[in-house]
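Remarks on the structure that follows.
For the single chain, residues carry numbers from 1 onward in sequence order.
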Amino acid sequence: MSITVTTDASIGVITLDDARRRNPLSTDTMRAITDALRQFDADRDVRVIIIRALGPAFSAGHDLGELVDRTLDDERAAFAVCTELMSAIHTVRQPVIAEVAGMAFAAGCQLVATCDLAVAGMSARFSTPGVRIGLFCSTPMVALTRAIGRKRAMKMLLTGDAVDAATAADWGLVNDVVDDSELPAVVRDLALRIAGSSASTLAIGKAAFYQQVDLGEDEAYLLMQETMATNAMTCDAQEGMSAFLEKRTPVWTDS
C-alpha cells in the first residue's frame, strides 16, 4: 500500500507516501484511499479529513504502467475505481481538505479539484497534460470544469500547460496559498477550526451543498428550505441557537 492512514485529534489524515514515484494514483492506491475515507466516515470521532502527500509531488496522476497493453474492460475498471474515489470524497460526511505541495497533475489535479477545500504551498503546480500523450484528461475534466469554469478548464485541457499556485487560487481551484514551510500547520489549523462545529451539522451542510450546487435557483431554494427546517429541529441546532441567545458556549452532542 502506498498510503499511510493516521488520526490527529479529531482529524483523519491520508498521506500518499510513494514519493520516489511522485505518488501515482494506481488502482490499489485509489482503492486504499477510498477505503480509508469510508473508515473515517464510520468513525464518529473523526470530524475532518486531510489528504496530503510526501515528497516533491502531491500526485503525478494515474499510474500509466497500468494503462498500457490492457483490454478495454481493464481500462474501464481502472477509471471506475477513480470515479468511485472521487464520489467517496463528496459522500463521506466529513469535509475533506487537500494539502497540496509540488505537482498535482492529471488525476492528481482531479483529486484536488474534487476535495471540498484545498490549500496549496507556493511550490504547487496544477496541470491536465494528458493531451500530450494521447490520453485526454476526460475524467479530471469533470471536477476541473466545475471548479474553475469552462474556458479556463478547456485551456488547461487542450494545452496541458501548468498553472502556478497563485493562479489556481485566483481561479478557485484552491482556497489559499501559503509558504510550503507553513502548509501543514495552516491546514491543521483550518481542520481544527472546522472540527469545532457540530459533526452532524457539518454532515448536513456538506450533503446539502452538493445536492443544490447544480440545480436551478428555484429548485435549489425549495430543497434547501426543507433542509434548513429539518436541520433546525436537530438537537445541536437547538443547542447552538440557545447558547447564542444565552451568550454561552454550545455543547455539541453531534445529533
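No continuous path of ILVMFWY side-chain contacts below 4.5 Å connects Leu173 to Val119, so the two sit in separate hydrophobic clusters. When hydrophobic clusters are built by joining Ile, Leu, Val, Met, Phe, Trp and Tyr residues whose side-chain heavy atoms come closer than 4.5 Å, directly or via intermediates, Met154 is grouped together with Trp171. Cluster annotation: Val177 and Val187 are assigned to distinct hydrophobic clusters (Ile/Leu/Val/Met/Phe/Trp/Tyr, side-chain heavy-atom contacts under 4.5 Å, transitive).
Looking at Asp161 and Lys155, no side-chain N of the basic residue comes within less than 4.0 Å of a carboxylate O on the acidic one, giving no salt bridge. Arg21 has a carboxylate O that lies under 4.0 Å from a charged side-chain N of Asp18, or vice versa, which qualifies the two as a salt bridge. Taking a cutoff of 4.0 Å between a charged side-chain nitrogen and a carboxylate oxygen, Arg31 and Asp35 do not qualify as a salt bridge.
For Glu66 (side chain) and Thr27 (main-chain N/O), a donor-acceptor pair under 3.5 Å exists by modelled atom type. Side-chain N or O atoms of Asn23 include one that pairs as donor or acceptor with a backbone N or O of Ala57 at under 3.5 Å. Judged by distance alone, the side chain of Asp63 and the main-chain N or O of Gly65 form a donor-acceptor pair under 3.5 Å. Formation of a donor-acceptor pair under 3.5 Å by the Thr234 side chain with backbone atoms of Asn231 is found in this model. Of the possible polar contacts, one joining the Asp164 side chain to the Thr167 backbone as a donor-acceptor pair under 3.5 Å is found. Under a 3.5 Å cut-off, the side chain of Lys206 and the backbone N or O of Val92 do form a donor-acceptor pair. The main-chain N or O of Asp254 is found under 3.5 Å from a side-chain atom of Asp236 such that the two form a donor-acceptor pair. Under the 3.5 Å distance criterion, the side-chain polar atoms of Asp116 are matched with a main-chain donor or acceptor of Val96. No side-chain donor-acceptor contact under 3.5 Å links Arg248 to the backbone of Phe244. When atom types are taken as modelled, the side chain of Arg125 and the backbone of Met103 share no donor-acceptor pair closer than 3.5 angstrom.
Using a 4.5 Å heavy-atom threshold, the side chains of Ser138 and Leu157 count as separate. Looking at Leu144 and Gln110, their side chains never come closer than 4.5 Å, going by heavy atoms from C-beta outward. Side-chain contact between Thr6 and Ile14: absent, with no pair of heavy atoms (C-beta onward) separated by less than 4.5 Å. Looking at Leu158 and Val131, their side chains never come closer than 4.5 Å, going by heavy atoms from C-beta outward. Between Arg146 and Asp214, the closest side-chain pair of non-hydrogen atoms falls below 4.5 Å. Using a 4.5 Å cut-off on side-chain heavy atoms (C-beta onward), Ile11 and Ile50 make contact. Counting only heavy atoms from C-beta outward, the side chains of Val5 and Ile3 approach each other to under 4.5 Å. Side-chain contact between Leu190 and Leu117 is present, with heavy atoms from C-beta onward closer than 4.5 Å.
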For a side-chain contact (heavy atoms from CB on, under 4.5 Å) check, start with the C-alpha distance between Ser255 and Ser200, then their side-chain angles and the critical distance, and finish with the verdict.
CA-CA 6 Å; Ser255 61; Ser200 64; 5.5 Å; no
Quick one, Gln211 with Leu223, criterion side-chain contact (heavy atoms from CB on, under 4.5 Å). Give me CA distance, side-chain angles, the key distance, then yes/no.
CA-CA 8 Å; Gln211 287 168 354; Leu223 182 61; 3.9 Å; yes
Stepwise, does the side-chain contact (heavy atoms from CB on, under 4.5 Å) test hold for Met156 with Val163?
CA-CA 8 Å; Met156 288 183 67; Val163 300; 4.2 Å; yes
For side-chain contact (heavy atoms from CB on, under 4.5 Å), just list the numbers for Ile194 and Leu202, CA-CA rounded to whole Å, side-chain angles, deciding distance to a tenth of an Å, and then say yes or no.
CA-CA 8 Å; Ile194 294 170; Leu202 289 172; 3.9 Å; yes
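Scanning both residues, Leu67 and Ala78, for their nearest heavy atoms gives CD2-CB, 4.0 Å. Heavy-atom minimum distance, Gln94 versus Ile49: OE1-CD1, 3.8 Å. Across all non-hydrogen atoms, the minimal contact from Phe126 to Ala120 is CZ-CB, 4.1 Å. Across Ala208 and Thr227, no two heavy atoms sit closer than the pair CB-CG2, 3.9 Å. Nearest heavy atoms, Ala153 versus Ile148: N-CD1, 3.6 Å. Across all their heavy atoms, Ala19 and Leu54 have their closest contact at CB-O, 3.5 Å.
Dense packing is recorded around OH of Tyr210, with more than 12 heavy atoms of other residues, nucleotides or ligands lying under 6.0 Å away. Around the CD atom of Glu246, the shell of radius 6.0 Å holds more than 12 heavy atoms that belong to other residues, nucleotides or ligands.
Tested against Met30 for a side chain to side chain contact (heavy atoms under 4.5 Å, CB included), the candidates Leu85, Leu111, Thr83 yield a single pass: Leu85.
The aromatic rings of Phe79 and His62 stand perpendicular to each other, their planes meeting at an angle above 60°, with 30° marking the opposite boundary.
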